[in-house]
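Just so you know, ligand 1 is whichever comes first in the structure, and atom 1 is the first atom listed for that ligand.
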Amino acid sequence: MPLDKKQLFTALKSDIENILSSQQTSEEYLNKVCILLQNRVPYYDWVGFYFGQIETQKLYLKAFAGMPTEHVQISFGQGICGQVAVSNQNFVVPDVQAQDNYIACSLDVKSEIVVPLFKNGQNIGQIDIDSHIKNPFSDEDIVFLEWLNKKIAETLT
Ligand code: SME
């Protein structure tokens with residue numbers, strides 16, 4: 001049976017609301033969200049949150065699920081993540097091999113999506129998702145991930 005994204009994302013939204021409404025640190029709930037998404041969405045093979053610092057012009061990995069990455073810091077402008085830190089736009093990459101400015105984490109990664117996270121209108125971070133299959137991301141993923149980042153921004157103090 002083909003994956004019913006609508007049903008899956010609807011179910012995940014209520015799980016995410018439960019995670020975000022419980023008392024815990026931002027590291028704890030961001031890690032739980034990463035684990036949930038990586039476990040439940042079959043083509044989300046690596047899920048992480050980076051947050052930026054204006055002073056250093058760098059992104060720092062704050063939470064993730066999947067294989068550990070050496071890219072725990074990424075300069076603004078570098079790779080897909082670094083480009084989103086300056087563009088403030090979603091970046092969907094159906095095929096990473098077609099990208100010039102791309103930082104490879106693993107040879108298994110075929111596609112990637114990065115959605116910025118805004119707090120009070122400022123781009124403060126992003127969710128980054130890698131997939132081992134080509135071109136899996138659709139508008140449904142974008143709408144879901146924008147919803148998620150909005151919820152997280154409301155929870156972050
Ligand atoms: N591929 C990303 C680097 C981060 S890893 O995917 C975890 C990029 O090009 O920015």
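Looking only at heavy atoms of the protein, atom 3 (C) of ligand 1 is closest to I103 O, 3.6 Å. Atom 7 (C) of ligand 1 has its closest protein heavy atom at C105 SG, 2.9 Å. Counting protein heavy atoms only, atom 8 (C) of ligand 1 is closest to I80 N, 3.3 Å. With respect to atom 2 (C) of ligand 1, the closest heavy atom belonging to the protein is E112 OE2, 3.2 Å.
The backbone N or O of K151 sits less than 3.5 Å from a side-chain atom of T155, completing a donor-acceptor pair. Between the Q57 side chain and the I54 main chain, a donor and an acceptor come within less than 3.5 Å of each other. Formation of a donor-acceptor pair under 3.5 Å by the D141 side chain with backbone atoms of S138 is found in this model.
Side-chain N/O atoms of K32 and S22 include no donor and acceptor closer than 3.5 Å.
Partners of C34 by side-chain contact (heavy atoms from CB on, under 4.5 Å), not counting sequence neighbours, listed by chain and number: V47, F49, A63, A65.
Heavy-atom contacts of Y50 reach the following atoms of ligand 1: 4 (C), 7 (C) (cutoff under 4.0 Å). Every atom of ligand 1 with a heavy atom of D128 under 4.0 Å away is listed here by number and element: 4 (C), 5 (S), 6 (O), 7 (C). Taking every non-hydrogen atom of D130 and a distance limit under 4.0 Å, the qualifying atoms of ligand 1 come out as 5 (S), 6 (O), 7 (C).
For F64, the heavy-atom gap to ligand 1 stays at 4.0 angstrom or more.
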- request: Please assess D15 against R40 for the test salt bridge (Lys or Arg N to Asp or Glu O under 4.0 Å), listing each intermediate value before the final yes or no.
  value: CA-CA 11 Å; D15 292 337; R40 296 270 295 280; 2.9 Å; yes
